[in-house]
Amino acid sequence: MNLTLSPEHEEIRRLVRNFAEREIKPRAAEIDQRSEFPRDLVDRAAELGLMGILIPEVYGGAGLDHLAFAIFIEEVAKHCASTAIILDVHASVGSEPITLFGSEAQKRRWLPGMAAGKLLGAFALTEPEAGSDAAHLQTSARRRNGVYVLNGTKTFITNAGQAGLYVVMAATQPGRGAAGITAFVVGGENPGLKVGPPFAKMGLNGSPIAEIVLQDCQVGEDDRLGAEGDGFRIAMRALDTGRIGISAQAVGLAQGALDDAVAYAKERRQFGRPIAEQQAIQFKLADIQTGVSAARWLTWKAAARCDAGQPFTRDASMAKLFATDMAMSATLEALQVLGGYGYLEEFPMARRVRDAKACQIYEGTNQIQRIVIARELAAAG
Amino acid sequence: MNFELSDEQRAIQQLVHDLCIESVEPRAAEIDAKGEFPWDIKDLFARHDILGIPFPPEYGGVSGSALAVVLAIEEISKVCANSSLILSVQSLGSLPIVLGGTDEQKRRFLPPLASGEKLAAYALTEPGSGSDAGGMRTHAVRHGDTYVLNGSKTFITGGSVADTIVVFARTDRDGQGEARDISAFVVEKMMPGFRVGKLEKKLGIRGSPTAQLFFEDVAIPAANLLGPEGEGFKLAMRVLDHSRPGIAAQALGIAEGAFAVARRYAAQRKQFGKPINEFQGIQFMLADMATAIEAARMLTYAAGDALDRRLKTITVTSSMAKVFASDVAMRVTTDAVQVLGGYGYLRDFPVERMMRDAKITQIYEGTNEIQRLVIARELLKEAG
């Protein structure tokens, strides 16, 4: 056991921290207020080589591991959770299915553009009637004259409208449940793909989330990832990495909230001394700090197990569940430390509370994570 | 970064695990019910070198790694918190010598502790001085080559069975000074004037004697002073930085033990025609327990690893592990009783004992409130 970061991982942390402090932090409030997709920050992340963080070097990526990925997302999320989710979806569920399940030709076709930040990734599994019960999705893919024709509606799609490609799950054998699902890559320019208007939502305003409608959307056989019927497995594997990303996002949100709360508590004076000298405040800060540390360890452990080729589904679910519940309580408690000022949108704390809520819901609600964990516990005997 | 245990760590874990399943678990209920110190378990641990884990080989031990101690305490605590205290107190009572003693003192005191021939204890707390050392009354006055010790200590774990006790006492003349006037001494059981007072009756850890100790003109050779005079409080605090991961490990083990019982029970117990672990109400409880345990394990191992690597962060990592793991142990054991329902409340099952034992981990070696102060202090210092 050696729980210290390697010099390479320290270097990534330094690089992303600098980028986030200098370029993301000053933009975060306006991205939120204007519901603006931060194209400039995506481009800058590409210049820094971060858009291909998990993509192997032969396809133009950085070829780094999932621990580096988790560090990257945490540092971004400290200042802007919208930007973090855009980059996370791209790097995990948006591109990793191609890296892991694509043919050599498919990897050569899509990954270099994704690594360069020219093709932003998205992942389309959820449907209006198939959220947590993903195996019963309705979108169909019918094979006709060497092409597949996709029909159906996907919803809650992060990066919708901005993505250059979508990893789409559709039923090639409707009625067969998980065994009938197949994964396809649909280009953002495909005329059969229509993107709805971005949803108005509580938080993550810089990250467009919308419905996409597939209407007689034609894709070739060479756009299919893996074999017919592999789709559910591909989706579940993608979500395992996705959950590491969400855990890291939650850790970043909480760490950012803690940093601001500590700074405020030292400055703010009441009853003749800084409120940091009051135990009521100290205990809140101590509990947030402890929760953040525990969540970070769970996240890093899931990442390390993934990198070592070990099973990590349960680890990723535990990290996601713990880190996101922690982030919700930590951001609320940190807001409380700031009192009335915390409630104002002038400061980033209110935004963090709004953003943190999403983490408990997406990439599998925390209720689904508990079911995943309980199922693994029962299976382990 | 590498989360895997080394072969040596795994071997220690396995050895302790096997021994505890075979010989400790069958005794656990009885140890609690009788409220007696389990001398047989102490002998068993001595025979298998488990009491040597906290000590490096040059002083007769087998490891000296903080993480190894954590792993061993965790394994014992899964089946019997009382028995785990034999090892954790041996470590706690020896740490002032390990950290503050001269080579000569280590050679003199440590080998019989490493072999388990003698037992150690750590005597800091007094009736008027718990978390606040400023109220300490026990004092030692130097006469030539001897210190004369007077006073009393309370809440001393293992105090009635220990042979070698590290006692903290004021060495200032007027008794008005601050923490800087405290010194640490090795007191041996046979020294005249040393007396064990009453043993406390407690909610849990009933097989681990908690004693009052009295010192009446106890003459201690100056050679038993640990570190420089007046540096005792600093040493006491350093010792707690090193020992808190052991309490975290104990809490972690108690939680794991209770969770294992709850999980097994939930798979077997049928209601409404199916095992209760098929109901979401139970599934969610088990998932939350397992997740909290995993989080506690990470903080605890990280604290052990930080100690072994002598990182500067050990004060805060140790405190975080202790506060988090002990709060988890309390919650998990309470939920385990709940999963077992009425049966959980009965002495026939171990979870009610585990719940009673868990409570102490939130209190001793610095209450969890003190841990939060320690963490906050470091946090505010660091950012400033």
Side-chain angles (χ1 to χ4, degrees), chain A residues 1-6 9 65 67 258-259 262-263 265-266 274 276-277 279 281-298 300-301 303-305 307-308 310 314-315 317-323 325-326 366-367 369-378 380-381, chain B residues 1-6 9 67 259 263-264 266-267 275 277-278 280 282-299 301-306 308-309 311 316-317 319-325 327-328 368-369 371-380 382-384:
Chain A
M1 184 163 290
N2 178 358
L3 301 182
T4 44
L5 287 178
S6 69
H9 289 113
D65 58 15
L67 179 57
L258 176 63
D259 293 346
V262 166
K266 289 167 81 166
E277 291 176 18
Q279 283 194 354
I281 300 297
Q282 291 177 346
F283 279 30
K284 278 191 203 300
L285 298 177
D287 285 339
I288 298 172
Q289 158 85 347
T290 304
V292 170
S293 297
R296 184 181 290 121
W297 284 123
L298 289 179
W300 287 3
K301 187 185 180 191
R305 284 182 63 86
D307 292 329
Q310 294 164 322
R314 182 165 79 173
D315 302 272
S317 282
M318 284 185 171
K320 197 274 182 184
L321 168 62
F322 185 88
D325 281 355
M326 180 282 299
N366 284 5
Q367 287 64 43
Q369 305 311 322
R370 288 181 172 93
I371 290 171
V372 170
I373 296 161
R375 201 180 287 149
E376 295 236 344
L377 286 171
Chain B
M1 184 151 302
N2 172 9
F3 288 83
E4 299 295 309
L5 295 177
S6 70
Q9 289 158 348
L67 185 55
F259 175 68
R263 182 176 141 189
R264 247 190 336 263
N277 72 358
E278 291 179 20
Q280 283 192 352
I282 300 295
Q283 287 178 339
F284 279 32
M285 274 170 94
L286 293 175
D288 284 336
M289 290 156 87
T291 302
I293 286 170
E294 198 53 35
R297 189 202 318 282
M298 286 317 308
L299 286 176
Y301 289 5
D305 185 66
D308 284 340
R309 288 174 202 288
L311 301 186
V316 70
T317 51
S319 286
M320 288 196 300
K322 196 271 185 187
V323 71
F324 189 87
D327 283 353
V328 164
N368 283 5
E369 291 66 39
Q371 305 311 321
R372 290 184 169 92
L373 288 183
V374 169
I375 297 162
R377 198 181 301 140
E378 294 288 322
L379 189 60
L380 292 162
E382 190 179 293

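The sequence lines fix the lettering, A, B, ..., with proteins before strands; numbering per chain opens at 1.
Only the side chain of B:Val323 comes within contact range of chain A, with at least one heavy atom under 4.5 Å from a heavy atom of that chain. Residue B:Arg309 touches chain A through its side chain alone, counting heavy-atom pairs closer than 4.5 Å. Neither the backbone nor the side chain of B:Ala267 comes within contact range of chain A, judged by heavy atoms closer than 4.5 Å. Only the side chain of B:Gln9 comes within less than 4.5 Å of a heavy atom in chain A; its backbone stays farther off. Only the side chain of A:Gln310 comes within contact range of chain B, with at least one heavy atom under 4.5 Å from a heavy atom of that chain. For B:Leu67, the part sitting under 4.5 Å from any heavy atom of chain A is the side chain, from C-beta outward, and nothing else.
Looking at B:Leu311 and A:Thr4, their side chains come closer than 4.5 Å, going by heavy atoms from C-beta outward. Contact annotation: the side chain of B:Phe3 never approaches that of A:Asn2 to less than 4.5 Å [non-hydrogen atoms, C-beta and beyond].
Going from atom CE of A:Met1 over to atom CE of B:Met1 covers 10.5 Å, rounded to the nearest 0.5 Å. Expressed to the nearest 0.5 Å, how far CG of B:Leu379 lies from CG of A:Leu285 amounts to 6.0 Å. Between the CG atom of A:Leu3 and the CG atom of B:Asp305 there is a distance of 4.0 Å, given to the nearest 0.5 Å. Separation of atoms CD (B:Glu294) and NZ (A:Lys301) is listed at 4.0 Å; rounding is to 0.5 Å. Atom CD of residue A:Gln282 and atom CG of residue B:Leu373 lie 5.5 Å apart, to the nearest 0.5 angstrom. The distance from the CE atom of B:Met320 to the CH2 atom of A:Trp297 is 9.0 Å, given to the nearest 0.5 Å.
The side-chain contact (heavy atoms from CB on, under 4.5 Å) search around B:Gln283 returns A:Ile371, A:Ala374, B:Gln280, not counting sequence neighbours. By the side-chain contact (heavy atoms from CB on, under 4.5 Å) test, A:Asp65 pairs with A:His9, A:Leu67, A:Ala68, A:Asp307, sequence neighbours left out.
Minimum interatomic distance between B:Leu299 and A:Ser293 (heavy atoms only, all atoms of both residues): CD2-CB, 3.7 Å. The shortest heavy-atom contact between B:Ala290 and A:Ile373 is CB-CG2, 4.4 Å. B:Asp288 and A:Arg370 make their closest contact through OD1-NE, 2.7 Å (heavy atoms, listed as atom of the first residue, atom of the second, distance). The two residues A:Ala378 and B:Asn277 come nearest to each other via the heavy atoms CB-ND2, 4.2 Å.
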